[in-house]
Amino acid sequence: STPPGVRFEENVRDYVNRKAKHVAHGRPVAGVCRMRSSGIDVLQLADLLLGAAVYDCKYAQGLVKYRAKLKMLAYIKQQTGVPTFVGGYTDERINVAEYGG
């Protein structure tokens with residue numbers, strides 16, 4: 001629980017809503033909740049997928065080349081059927097958008 005007077009979650013929500021107004025398609029973040037990600041499987045999965053998308057973009061720009069991460073990226077792309085995350089990718093299960101900014 002959050003101690004009285006601490007507004008961390010509200011501050012994060014308000015900051016994200018102000019900064020992401022142009023990409024949120026009019027749908028503001030309703031709430032923020034802190035949690036330990038190591039205990040939440042779906043957050044671990046989301047972290048892997050987000051990391052794969054970011055790493056694919058970095059690799060395409062020649063910024064990284066770690067063999068273990070490339071193997072993980074190839075595995076994730078093969079399992080999801082995503083040829084590349086670069087430029088974004090959308091199908092009935094996955095929706096990755098690329099925003100410049």
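- Grouping the Ile, Leu, Val, Met, Phe, Trp and Tyr side chains by contacts below 4.5 angstrom, directly or via other members, places Val86 apart from Leu63.
- Side-chain heavy atoms closer than 4.5 Å link hydrophobic residues (I, L, V, M, F, W, Y) into clusters, and following such links, possibly through other members, connects Val64 to Leu73.
- Taken to the nearest 0.5 Å, the CD1 atom of Ile94 stands 5.5 Å off from the CZ atom of Phe85.
- Screening residues 60-80 for side-chain hydrogen bond (donor to acceptor under 3.5 Å, both in side chains) gives Asp56-Lys77 as the qualifying pairs, with residues at least two apart or on separate chains.
- The salt bridge (charged side-chain N to carboxylate O under 4.0 Å, His left out) contacts involving residues 42-55 comprise nothing, where partners must be two or more places apart or lie in separate chains.
- Using a 4.5 Å heavy-atom cutoff, the side chains of Gln44 and Leu48 are not in contact.
- For Asp14, the side-chain contact (heavy atoms from CB on, under 4.5 Å) test picks out Arg7, Arg18, with sequence neighbours left out.
- Nearest heavy atom pair, residue Pro83 against residue Gly81, reads CD-O, 3.4 Å.
- Residues passing the side-chain contact (heavy atoms from CB on, under 4.5 Å) test with Val54 are Leu50, Lys58, sequence neighbours excluded.
- Annotation: side-chain hydrogen bond (donor to acceptor under 3.5 Å, both in side chains) contacts of Asn95 (sequence neighbours excluded): Thr90.
- Counting only residues at least two apart or in different chains, salt bridge (charged side-chain N to carboxylate O under 4.0 Å, His left out) contacts with residues 83-93 comprise Asp91-Arg93.
- Heavy atoms only, all atoms of each residue included: Cys57 and Glu98 are closest at SG-OE1, 3.8 Å.
- Think of Met35 as one node in a network of Ile, Leu, Val, Met, Phe, Trp and Tyr side chains linked at under 4.5 Å; its network also takes in Ile40, Val42, Leu43.
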